[in-house]
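Worksheet: one structure, shown below.
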Amino acid sequence: MSISQYLEKAKAACKRAWQWVLECPELTAFATIAGCAVVLINLANGYHEGFETWEASWDLLGKPWWLFLYEVYYPYLGLICQVATGIAILYCLRLKGDVTRMFKPVLAVGLGWLVYVMIREVRDKWWVETFGMMGEPPTVTFFILKQVMMTVLTLSPAFMVRWYGRQPMLQRYTLSSFFQPLIFCYSAFASLWILIDLMDKLGEFQDADTPQSVIVQLYLNLLPAIYVMVTPAAVLLAALYALTKLSRANEIVSMLTSGLSLTQILKPVLIVAAYLSLLGTAMNYHWAPRADGERESIIRDMKSKGKTKSASTATALMYRNEETGRTWYIGYVPTFDNLSDRLKRVTVYQMDGSGRIKMAWEANNAKWMAGRGNYPNIWRLYDGRVRTYKNGVATGVTFFDGTVEEVIDGVRERVVKINIENWPETPWSIISGALQPDTLGVIDLAAYEIANEDLPRAKLAPFRTHFHHRFAYPWQAFVVVLMAAPLGVAYSRRGALGGIAAAVIIFFALMFVNEFFMGLGKGMHMAPWLAAWMPNIIFGGIGYVVFRTKAANKDLPKFSPSQWIKLGKAWLAERKLARRPATA
């Protein structure tokens, strides 16, 4: 049997299997039973044991009863959501295009995921409030807004499905023509971005002997950031392709002759673009910049140590507190994803009034614990030594590396740690000076500004600009569609090509203007909020004028320098004529 015959048989077998998936009446019920069996089997095998998160070293606080229930049942809730998502996708495929019946299963899956992530967020918030973690300032308002963004991500797809099912036939046809190139553009741009980045980092992965599962997980975590980056280009090309195709087939003309206006024809595309921008705003609030920052941390760790078990926030960090006269040197700062994370290779110098060393603490590990009630904040240093100085000369050393024994509560123990109370420095205040604004989410940017409100405006300007840019940038997808939609509608081949060329030029101009105004905001030449939103204001205004002109069936203004010069001369002539005094 030749290769071509083998491929034909394989293709026919896949087609029969797909047809069976779509038509087998008992398949959905079987998938539901199989999903329940998967959950029960994992429960019997102790699936939750690998997800226990309680690693607190605070001696005076035991594990709360509700946290015990969380560690046991929370992993199974996530497993149930994954199984339910697969069953819902299978059920929707078998509906054969009946969109109105997809609302309930999509909404049910969204509610399940919302409950799942909300429980995790509440647990994490309790951790931060109870143990301090990094000592970052409270940002309750932005935490609540984060929950709103998660609600948008999980529940909005169901309501978009209902909205699509209620659209008239012609609008649904326009949307279907738009969705196909949109999915292709998303897949192509995302695959191309991952491929280019993988080829760039492949040598580092090989040198660090990184497992394939870690690489796959790394790029899966980057999907929110990739979505935010590629959405403007993907939406622009999809809108141009769909509308140009409809124009060449004279289908736009047919819709116009049926009584629809151009605004009614393009309205569904603009609504979808606005919805994609809303999803981008939700992802860019926290998950997209955080994923990008964690990627850089993991790659940095691989370069230095060849390990990918944890990511670092910063390495080789120095911090100077002028008020207390202490200088901190830290070799490794973790991301503080759990309570067992510690600062590593820590050295603290205490200076006297003359700037000479008075005391020095050296520790392999250090951890900060927030005070509660009558208990103060504590810095706990592990495995190290304390040096004392007089007039800049070392006079003594005390070890706490396990080589010295002391009698503690009547029991002789080896000293492996020391506690230092009421130092005002926190991990957040130490590392905040090394943070980069382009890898911080809205909550982290707000916490940085609150904790460093006394810094000069020049230092805070990049963080404030990125704060507003997190909300403004995703809406560039809507702006480019507002410009591209009327330009993609043409009644001749020449007009279509001209509209595509103009839209592409405007898109690259938008990218340039975005970077230009970001630089102005970071350099304090413009208010941060205005610098972030100005590209959208400028090109959104241009898009609105173009859209209204095209909807009124008028010729678009030509971008010809000579034409603009003629218009300017005519305007000046009119002004001179208006100033000339009237003769008797």
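Reckoned from all heavy atoms, side chains included, excluding hydrogens, waters and symmetry mates.
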(Q) Taking the side chain as everything from C-beta on, heavy atoms only, tell me whether F467 gets closer than 4.5 Å to P528. (A) no
Q) So, do Y227 and Y186 have ring centers that fall under 6.0 Å from each other? A) yes
Q: First locate atom CD of Q476, then atom CE of M511, and finally report the distance between them rounded to the nearest 0.5 Å.
A: 9.0 Å
Q) I330 and L343: which non-hydrogen atoms are nearest, and at how many Å? A) CD1-CD1, 3.9 Å
Q | Name of the residue among W361, Y349, W379 meeting ring pair (Phe, Tyr, Trp, His ring centres under 6.0 Å) with W328 | A | W379
Q: To the nearest 0.5 angstrom, please state how far the CG atom of L223 sits from the CD1 atom of I226.
A: 5.5 Å
Q.
Strictly distance-based, threshold 3.5 Å: is any side-chain N or O of S429 a donor or acceptor partner for the main-chain N or O of E425?
A. no
Q: Check whether any side-chain heavy atom of L440 sits under 4.5 Å from a side-chain heavy atom of Q436, and report yes or no.
A: no
Q. Side chain to side chain contact (heavy atoms under 4.5 Å, CB included) with F517: which of I538, N536, L530?
A. I538
Q.
If I compare all heavy atoms of V481 with all of L270, which pair ends up nearest, and what's the gap?
A. CG1-CD2, 3.7 Å
Q.
Which heavy atom of L175 sits nearest to which heavy atom of V269, and what is that distance?
A. CD2-N, 4.1 Å
Q.
For A477 versus V480, what's the shortest heavy-atom pair and its separation?
A. O-CG2, 3.1 Å
Q: Answer yes or no: does atom CH2 of W193 have more than 12 heavy-atom neighbours from other residues, nucleotides or ligands under 6.0 Å?
A: yes
Q | Check: D200 side chain, I196 main-chain N or O, donor-acceptor pair, under 3.5 Å | A | no
Q: Take F179 and V272 through the side-chain contact (heavy atoms from CB on, under 4.5 Å) test and state the conclusion after the steps.
A: CA-CA 10 Å; F179 286 150; V272 171; 3.9 Å; yes
Q.
So V333 and L317, do their side chains get closer than 4.5 Å, heavy atoms only?
A. yes
Q: Would you mind reporting whether H469 and P535 have side-chain heavy atoms less than 4.5 Å apart?
A: no
(Q) Restricting to non-hydrogen atoms, name the atom on T465 and the atom on K522 that form the minimum distance, rounded to 0.1 Å. (A) OG1-N, 3.6 Å
Q.
Ring-plane angle category for F516 and F512, please: parallel below 30°, perpendicular beyond 60°, tilted otherwise.
A. parallel
Q) Taking the side chain as C-beta and beyond, is there a heavy-atom pair between T174 and P268 under 4.5 Å? A) no
Q) Hey, does the side chain of N284 reach the backbone of A288 with a donor-acceptor pair shorter than 3.5 angstrom? A) no
(Q) Between N452 and Y448 (side chain of the first, backbone of the second, donor and acceptor by atom type, cut-off under 3.5 Å), is there such a pair? (A) yes
Q: Decide if atom CZ of R548 counts as having more than 12 heavy atoms of other residues, nucleotides or ligands within a radius under 6.0 Å.
A: no
Q | Residue K358 excluded, over 12 heavy atoms near NZ under 6.0 Å | A | no
Q | Approximate separation, where rounding is to 0.5 Å, of M229 CE and Y473 OH | A | 8.0 Å
Q: Could you check if a side-chain atom of T231 sits within less than 4.5 angstrom of a side-chain atom of S277, using non-hydrogen atoms only?
A: no
Q. For the atom pair CG (L276) and OG1 (T281), what is the distance rounded to the nearest 0.5 Å?
A. 10.5 Å
Q: Dump the intermediate steps for side-chain contact (heavy atoms from CB on, under 4.5 Å) on L243 and L266, then the final yes or no.
A: CA-CA 9 Å; L243 295 175; L266 299 181; 3.7 Å; yes
**Q.** Minimum-distance pair of heavy atoms, taken over all atoms of K146 and I443
**A.** CD-CD1, 3.6 Å
**Q.** Spatial distance of atom CD1 (I450) from atom OG (S432) [nearest 0.5 Å]
**A.** 12.5 Å
Q: Give, for atom CD of Q350 and atom OG1 of T327, the distance between the pair rounded to the nearest 0.5 Å.
A: 9.0 Å
Q. Distance-only, no hydrogens or angles: does the T347 side chain make a donor-acceptor pair with backbone N or O of E362 under 3.5 Å?
A. no
